[in-house]
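Values below: all heavy atoms of this structure, side chains included; hydrogens, waters and symmetry mates excluded. Treat the numbers as computed from the prediction; the structure is a model and nothing was measured.
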Amino acid sequence: MSEDDSNMEDYPTEIRDYLAAFEKSLGSVDEMLKTMMSASRTELLQKVNPLEQAKLDLVSVYTLNSMFWVYLATQGINPKEHPVKQELERIRTYMNKVKDITDKKKASKLDKGAASRFVKNALWEPNAEKEHTSKTPAKGKKQQ
């Protein structure tokens, strides 16, 4: 048995699965941070456009503040009463703004020329109706 297995035996069986999932999540976060920290910020920002830079910055600061939230909780401090809550809300607001910008870029554009041709051809024109009726006989009348 490894040291981790013996430590797991010290905890009630109800929380073992939660602890194992938490440990796995921490490992994933650690790997992501190592990947992100392997390249300098300048190198990362040179490879992406300004919108992607904003996304990268927002994800980074949100992750950092979320980790601080977890730290506060582990120290027995209620993070909901700490200024970190307002900071996370502020970051979320900016994330929504960036999402709106991204959605607007993905939205289909209106072809004004095609729209005006469509409307023009769909509208009734009184002159065309007069020409149409003068060339064709009306119903119920005899043709001479």
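Members clustered with L26: F22, by chain and number, using a 4.5 Å side-chain heavy-atom cutoff among hydrophobic residues. Applying the 4.5 Å side-chain rule to ILVMFWY residues, one finds V29, L33 in the same cluster as M67.
Between K34 and E31 there is no salt bridge, since no side-chain N of the basic residue sits under 4.0 Å from a carboxylate O of the acidic one. Salt-bridge formation is not detected for the pair D100/K104: no Lys NZ or Arg NE/NH1/NH2 atom is positioned less than 4.0 Å from an Asp or Glu carboxylate oxygen. With respect to R92 and E89, no salt bridge is recorded, no charged nitrogen being found less than 4.0 Å from a carboxylate O.
Residues W69 and K80 have side chains in contact (heavy-atom distance under 4.5 Å, counting atoms from C-beta outward). Inter-residue side-chain proximity for P12 and I15 is flagged as met; some heavy-atom pair is nearer than 4.5 Å. Contact of the K97 side chain with the T93 side chain is registered, since non-hydrogen atoms from C-beta on lie closer than 4.5 Å. The closest side-chain heavy-atom distance from K55 to L58 is not below 4.5 Å.
One finds the NZ atom of K47 at 11.0 Å from the OG1 atom of T42 (value rounded to the nearest 0.5 Å).
Minimum heavy-atom separation, E43 to A39: OE1-CB, 3.8 Å. Closest of all the heavy-atom pairs between V84 and P79 is CG1-O, 4.0 Å.
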